Amino acid sequence: MINGGKSLHGRVNISGAKNAAVAIIPACILSDEPCRIENIPNIKDVNLIADIIRNMGAKVTKVDKSAFEIDPRGIVNPVPSYDMVRNMRASYYLLGALLGKYHRAEVAMPGGCNFGVRPVDQHLKGFEALGVECDCSGDVIKTRTDKLTGARIYFDIVSVGATINIILAAVKAEGMTVIENAAREPHVVDVANFLNSMGANIRGAGTDVIKIRGVEHLKGVTYSIIPDQIEAGTYMAAVAAAGGDVVIRNVIPKHLESITAKLREIGVEVEEYDEAVRVIRNGKIRKCNIKTMPHPGVPTDMQPQFAALLSIADGTSIITENVWNNRYQYVSELCRFGANITVDVRKAIIEGVPSLTASTVRATDLRAGAALIIAALAAHGTSEIEDIRHIERGYEDIIEKLRGIGADISRQSIGSPIVYTA
Ligand code: UD1
């Protein structure tokens with residue numbers, strides 16, 4: 001329940017990056033010793049991936065709200081539970097990690113947010129180049145190899161998941177692996193930094209060519225996950241939409257450059273500090289065109305939040321979605337607030353309206369849900385957002401954090417069962 005139309009003021013702390021955590025937790029399987037991972041966001045997706053490796057025999061201890069100790073030495077059966085993995089897109093990282101350690105892996109086809117076909121052909125192409133046999137005839141991907149051998153792999157499309165998965169599989173392979181046309185997202189770099197701190201030899205993460213020289217052993221380490229770029233961007237967009245003045249702390253401003261640039265174009269003031277950004281919006285929101293791109297472009301995971309913000313801009317904005325095929329299912333929900341948006345394949349044409357009015361809407365996926373919160377914060381009156389489990393699987397304490405900066409927001413439980421959907 002959100003009583004909107006109130007500006008936001010104060011400070012909010014950003015949690016660790018979800019998309020780094022869901023890769024780093026399975027990456028611990030590759031270690032020969034226990035690892036301590038810090039700055040883990042306390043969200044359902046992360047707790048689920050931790051449960052999956054615990055279920056295989058790893059000892060996963062939650063040391064405090066944001067730290068896990070993970071000892072992979074007890075893994076007896078390297079086959080993750082079908083029911084646990086099938087609804088979580090990031091469970092594909094178990095393929096790379098289990099292949100790297102045990103030379104075999106069987107993982108149910110990944111599900112995840114429902115925005116278009118989500119193929120894994122580039123992952124499989126990379127595994128095969130390393131000498132892995134892949135069988136995808138059923139709904140479980142079965143992979144095995146006698147030996148992983150380094151190879152040169154060119155990705156036909158920039159894929160975060162495929163880049164990380166091949167790093168995981170290649171880190172203990174014999175010889176050198178070269179990934180060309182690699183993804184450059186901050187969480188790709190974070191996974192490589194984590195593995196390097198364990199003794200891996202990965203060079204070039206953050207560029208489009210990554211070189212991995214295989215090593216025999218990886219040791220246990222303590223590692224702290226980077227701040228969540230998308231969570232930070234979501235609060236930035238929320239302040240821009242609702243108005244106000246908020247300092248967003250525990251961020252890496254460099255990771256937010258494309259989001260900051262677009263907000264400034266829209267007429268929002270953004271001040272950058274070492275580990276914080278201050279977002280101030282008093283005046284009108286200007287129209288702006290946005291094209292989502294792999295990093296360092298505007299992240300596709302910010303596309304719905306920008307659409308919510310631009311729905312109250314002065315003039316017509318065009319968003320072009322270049323990463324996913326079908327990421328506008330949320331638009332009909334946004335229009336219930338009075339937004340005027342038409343979708344034409346990959347483009348959303350947003351005719352700005354002077355203000356939004358409260359509505360009852362349903363979150364269809366994680367970032368769509370975040371966009372609905374942003375719209376409700378800007379809208380006058382009391383809005384109701386249903387199915388917030390989609391939002392809470394990716395945003396730690398979102399209701400408490402928004403309340404901390406002055407939002408009138410509360411959670412109402414209607415007693416529905418918890419279902420894992422990623
Ligand atoms: C990750 C993020 C997700 C984000 C996306 C793009 C995680 C857990 N999720 O998803 O939030 O929206 O990056 O930044 O980190 N593709 C292929 N073949 C493949 C793999 C991907 O065609 O083998 C296509 C996809 O359909 C999509 C594009 O490549 O159109 C990008 O996908 P990818 O970067 O792989 O996304 P994910 O890693 O799944």
Side-chain angles (χ1 to χ4, degrees), residues 16-27 41 43-46 48-49 52 85 87-97 107 109-129 134 136 141 153-169 179 181-191 208 225-226 228-231 233-234 255 258-259 291-306 320-328 330 345-346 365-371 390-391 393-395 421-422:
K18 166 178 100 65
N19 288 348
V22 296
I24 284 175
I25 292 169
I43 51 177
K44 282 190 190 120
D45 268 14
V46 163
L48 174 57
I49 197 95
I52 291 171
V85 300
N87 284 324
M88 189 185 181
R89 173 83 181 159
S91 56
Y92 52 41
Y93 291 134
L94 293 162
L95 283 171
V107 178
M109 286 294 278
C113 280
N114 177 26
F115 35 86
V117 180
R118 301 188 75 164
V120 288
D121 57 306
Q122 299 302 306
H123 302 237
L124 301 178
K125 170 180 164 173
F127 292 147
E128 282 168 356
C134 302
C136 307
I141 301 178
I153 299 156
Y154 173 82
F155 286 137
D156 303 302
I157 191 161
V158 179
S159 162
V160 173
T163 303
I164 294 177
N165 235 343
I166 299 311
I167 293 175
L168 295 174
I179 304 175
N181 202 22
R184 293 176 281 168
E185 267 64 6
H187 43 292
V188 173
V189 181
D190 206 36
V191 174
D208 59 358
I225 289 178
I226 53 167
D228 197 305
Q229 171 205 29
I230 306 299
E231 188 196 13
T234 301
H255 293 169
S258 61
I259 299 165
K291 296 181 178 173
T292 64
M293 295 281 181
H295 192 80
V298 177
T300 172
D301 287 356
M302 280 299 298
Q303 183 255 97
Q305 300 90 312
F306 269 118
T320 311
E321 171 57 55
N322 289 313
V323 178
W324 295 106
N325 285 332
N326 185 15
R327 202 173 185 170
Y328 288 122
Y330 67 91
V345 196
R346 283 185 177 268
D365 69 63
L366 172 59
R367 307 302 172 188
H390 289 298
I391 308 173
R393 76 172 175 76
Y395 288 92
T421 54

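Whatever order the structure lists ligands and atoms in, that order sets their numbers, starting from 1. Predicted model, so just to flag it, every value in this text is computed and none were measured.
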Enquirer: If the condition is ring-ring contact (aromatic ring centres under 6.0 Å, His included), which residues does His255 pass it with, not counting sequence neighbours?
Expert: none

Enquirer: Please classify the Tyr92 to ligand 1 contact at 4.0 Å (heavy-atom distances, strictly less than): side chain, backbone, both or neither.
Expert: side chain

Enquirer: What pair of heavy atoms forms the shortest contact from Val22 to Tyr93, and how long is it?
Expert: O-CD1, 3.5 Å

Enquirer: Out of Val160, Val323, Asp301, indicate the one that has the non-hydrogen atom closest to atom 33 (P) of ligand 1.
Expert: Val160

Enquirer: So, regarding Lys18 and ligand 1 (criterion: nitrogen or oxygen to nitrogen or oxygen, under 3.5 Å), is there a contact or not?
Expert: no

Enquirer: Look up atom CD1 in Ile52 and atom CG in Leu94, then write down how far apart they are to the nearest 0.5 Å.
Expert: 6.0 Å

Enquirer: List the atom of Arg89, the atom of Pro119, and the distance in Å for their closest heavy-atom pair.
Expert: NH2-O, 3.5 Å

Enquirer: Please could you name the atoms of ligand 1 that Gln122 approaches to less than 4.0 Å, counting only its heavy atoms?
Expert: 18 (N), 19 (C), 23 (O)

Enquirer: Give the atoms of ligand 1, by number and element, whose distance to some non-hydrogen atom of Val120 is under 4.0 Å.
Expert: 19 (C), 23 (O)

Enquirer: Heavy-atom pairs closer than 4.0 Å: do any link ligand 1 to the side chain of Asp121, the backbone, both, or neither?
Expert: both

Enquirer: Is Arg327 touching ligand 1 with its side chain, its backbone, both, or neither, if touching means heavy atoms under 4.0 Å apart?
Expert: side chain

Enquirer: Which heavy atom in Tyr395 sits nearest to a heavy atom in Ile43, and how many Å separate them?
Expert: C-CG2, 3.6 Å

Enquirer: Less than 4.0 angstrom from a charged side-chain N to a carboxylate O is my criterion; do Arg393 and Asp45 meet it?
Expert: yes

Enquirer: Please confirm whether Ala90 comes within less than 3.5 Å of ligand 1 when only nitrogen or oxygen atoms on both sides are compared.
Expert: no

Enquirer: Nearest 0.5 Å, please: how far is CD in Glu321 from CE in Met293?
Expert: 10.0 Å

Enquirer: Within a strict 4.5 Å, meaning less than it, do heavy atoms of the Pro296 and Ser258 side chains meet?
Expert: no

Enquirer: Counting only heavy atoms, which portion of Arg89 has something under 4.0 Å from ligand 1: side chain, backbone, both, or neither?
Expert: side chain

Enquirer: Please identify which atoms of ligand 1 are closer than 4.0 Å to at least one heavy atom of Asn19.
Expert: 2 (C), 7 (C), 8 (C), 9 (N), 11 (O), 15 (O)

Enquirer: Looking only at heavy atoms of Gln303, does any of them come nearer than 4.0 Å to an atom of ligand 1?
Expert: no

Enquirer: Would you please determine whether Pro119 falls within less than 4.0 Å of ligand 1 on a heavy-atom basis?
Expert: yes

